[in-house]
Amino acid sequence: MIIALTKGRIEKAALGKMSESGMDVSELTDKAQRGRKLIFSIPKTEYQIIISKPADVLTYVSRGIADIGVVGKDTLDEETDIGGYYEIADLKTGICRFAFAAKVGTSDFFNSYESRVIASKYPNVARKFFQSKGIDAEIVKIEGSVELAPILGLADGIVDIVETGATLKANGLEVVEDISPISTRVIANRAGLKMRKSAIEGFVTKLTGGN
Ligand code: PRP
């Protein structure tokens, strides 16, 4: 069974849970052993782990290459063109939220008929939010450090992930409105879930500790 983990924080948390449940994940957690490998077999199990970028986790699961994926809700909300999977568990880790933020003191944001420029690493989430408000917004895709965009005058506001709020604060920005909650989710290929339900559920139980 192939399990796709999102590279970085999500992968580390998932490997921690796998280790707690008794699996030997040392080939992934030990830097020297890991090297530049991208696919790993977990000893004495049928599990093979692949490490991928967030949207690629969805692609592998959606195409049935991976049975299970561990990915942030932010990716699921943004990559709406990729289907073919079910969201089967909320690991309740990696908790943060999508929010719309602007320079401190920007008032009446929603009371103007002017078109707005919004910067985001998540253009689909941003577009959907402004459409739901009936506000005309031009969305500019930014790959990182999106907080710079309003400071430098590229955008009137940003849609981004907020965890502690420290990044916004350090850059003179504030949340205008929360959009939606984010946490780490487990997804499974639709057809795979029908055929390998108990094996998939068995792995999810190991990740959640049965909770
Ligand atoms: C995210 C997000 C913010 C920051 C928010 O970036 O884009 O910049 O975290 O966290 P805070 O509210 O606790 O300050 P991340 O660190 O994931 O890096 P990225 O810019 O590479 O996406």
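Numbering of ligands and ligand atoms starts at 1, following listing order. Just so it is clear, the structure is predicted and the values come from calculations on it, not from any experiment. The first residue in the sequence is number 1, and the count goes up from there.
- The protein heavy-atom contact nearest to atom 7 (O) of ligand 1 is D160 OD2, 2.8 Å.
- Of all the atoms in ligand 1, the ones that sit under 4.0 Å from a non-hydrogen atom of R9 are 15 (P), 16 (O), 17 (O).
- Using a cutoff of 4.0 Å between basic side-chain nitrogens and carboxylate oxygens, R97 and E163 are not scored as salt-bridged.
- Residue-to-ligand polar distances place G165 within reach of ligand 1: an N/O pair is separated by less than 3.5 Å.
- Y60 is linked by a ring-ring contact (aromatic ring centres under 6.0 Å, His included) to nothing, counting only residues two or more places apart in sequence or in another chain.
- With respect to atom 20 (O) of ligand 1, the closest heavy atom belonging to the protein is S145 N, 4.2 Å.
- Looking at atom 13 (O) of ligand 1, its nearest protein heavy atom turns out to be T164 OG1, 2.5 Å.
- Side-chain contact annotation: D160 with Y122, donor-acceptor N/O pair under 3.5 Å absent.
- Residue contact check: V162 has heavy atoms under 4.0 Å from atoms 12 (O) of ligand 1.
- Side-chain atoms of I95 and I182, non-hydrogen and from C-beta on, never get closer than 4.5 Å to each other.
- Numbered from 1 in the order shown, with element, the atoms of ligand 1 that lie under 4.0 Å from a heavy atom of E147 read 3 (C), 8 (O).
- Looking from atom 19 (P) of ligand 1 to the surrounding protein, the closest heavy atom is K121 NZ, 4.0 Å.
- A salt bridge between R9 and E11 is absent, with no side-chain N of the basic residue lying under 4.0 Å from a carboxylate O of the acidic one.
- Taking 4.5 Å as the limit, every side-chain heavy atom of I49 sits out of range of all side-chain heavy atoms of I39.
- With no hydrogens or angles considered, a side-chain donor-acceptor pair links S183 and R185 at under 3.5 Å.
- Closest protein heavy atom to atom 1 (C) of ligand 1: I161 O, 4.4 Å.
- The nearest protein heavy atom to atom 22 (O) of ligand 1 is closer than 4.0 Å.
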_Evaluation steps, side-chain contact (heavy atoms from CB on, under 4.5 Å), between I118 and I158_ = CA-CA 5 Å; I118 303 300; I158 63 172; 5.6 Å; no
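- Within the 4.0 Å heavy-atom criterion, both parts of T167, backbone and side chain, lie near ligand 1.
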